[in-house]
Amino acid sequence: VVGVNFHSGPINDVFANYFRDAGFDFLAMEGSDLATGAARELSTADLQAHVKQAYRRHPSAQAVYLLGSGNWRPRDVQPLEEELGVPVVHPVQARAYCILKRLGIGKPMKSAGRLLEAMP
């Protein structure tokens, strides 16, 4: 897995180590030098370019994790998955999956990314 966010500096190593300690084969957390909150003002094309650039630095990644609910648009997940050919996990979708699974609700959702489309 490669993670993508809009933080810079050593905090990205902390994030990556958190996922590694949790048992994930986590390649890196790829950040950015944007000012805090500036990611919310980026266009869809800019957001997607940041994700694609991070993924291309780690071509062996089998998935992409988007860190930070406020920076990413859930509607951008499916186009990224189609272009990159790997699952892209958005924090809101991950929480929805977890809640639905705990409630015993297994209703796959179309156009919501692979995670929710594969809902058992």
Side-chain angles (χ1 to χ4, degrees):
V1 177
V2 63
V4 185
N5 69 29
F6 289 98
H7 301 288
S8 63
I11 189 69
N12 287 317
D13 293 330
V14 173
F15 290 135
N17 287 331
Y18 170 84
F19 285 100
R20 288 181 192 117
D21 290 346
F24 290 93
D25 184 6
F26 206 83
L27 301 172
M29 180 61 75
E30 294 287 339
S32 171
D33 291 330
L34 286 176
T36 302
R40 292 184 184 106
E41 298 172 21
L42 293 177
S43 69
T44 297
D46 289 337
L47 290 168
Q48 291 181 350
H50 180 50
V51 174
K52 290 182 234 180
Q53 190 176 50
Y55 177 75
R56 288 185 184 115
R57 282 194 288 271
H58 304 278
S60 66
Q62 296 177 356
V64 174
Y65 175 71
L66 307 176
L67 179 74
S69 301
N71 297 327
W72 309 103
R73 299 171 183 109
R75 69 178 180 261
D76 296 331
V77 169
Q78 189 167 2
L80 281 167
E81 288 182 332
E82 289 170 3
E83 185 166 344
L84 300 176
V86 297
V88 175
V89 180
H90 185 284
V92 172
Q93 291 169 316
R95 283 191 292 277
Y97 181 94
C98 182
I99 291 166
L100 291 169
K101 187 172 180 178
R102 287 178 184 237
L103 292 173
I105 300 171
K107 184 177 180 184
M109 297 177 203
K110 296 288 183 199
S111 302
R114 291 185 192 183
L115 183 65
L116 292 176
E117 283 183 3
M119 187 81 200

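For this chain, numbers begin at 1 and follow the sequence in order.
With sequence neighbours excluded, the residues satisfying salt bridge (Lys or Arg N to Asp or Glu O under 4.0 Å) with Arg57 are Glu30. Applying the salt bridge (Lys or Arg N to Asp or Glu O under 4.0 Å) criterion to Arg95, with sequence neighbours excluded, gives no partner residue.
Judged as a side-chain hydrogen bond (donor to acceptor under 3.5 Å, both in side chains), the pairs with a partner in residues 76-90 (not counting sequence neighbours) are, in order, Lys52-Glu83, Gln78-Glu82. Sorted by first and then second residue, the pairs that involve residues 2-18 and meet side-chain hydrogen bond (donor to acceptor under 3.5 Å, both in side chains), not counting sequence neighbours, are Asn5-Asn12, Asn17-Arg20. Counting only residues at least two apart or on different chains, no side-chain hydrogen bond (donor to acceptor under 3.5 Å, both in side chains) pair has a member in residues 100-110. Among residue pairs with one or both ends in residues 48-70, those qualifying as ring pair (Phe, Tyr, Trp, His ring centres under 6.0 Å) are Phe6-His50, Phe19-Tyr65; sequence neighbours excluded.
Between Pro91 and Leu67, every side-chain heavy-atom pair lies at or beyond the 4.5 Å cut-off. When side chains are defined from C-beta on, Val64 does not count as touching Leu80, because their heavy atoms never get closer than 4.5 Å.
Clustering ILVMFWY residues whenever any of their side-chain heavy atoms sit less than 4.5 angstrom apart, transitively, puts Val92 in a cluster other than the one holding Ile105.
What you find for Glu117 and Ala112 is that their closest heavy atoms are OE2-N, 3.8 Å. The two residues Val89 and Ala94 have their closest heavy-atom pair at CG1-CB, 4.0 Å. Taking each heavy atom of Ser60 and Leu27 in turn, the nearest pair found is OG-CD1, 3.7 Å.
Tested against Gln48, the residues Val51, Asp46, Thr44 include a single side chain to side chain contact (heavy atoms under 4.5 Å, CB included) partner, Thr44.
The main-chain N or O of Val86 is never found under 3.5 Å from a side-chain atom of Gln62 such that the two would form a donor-acceptor pair.
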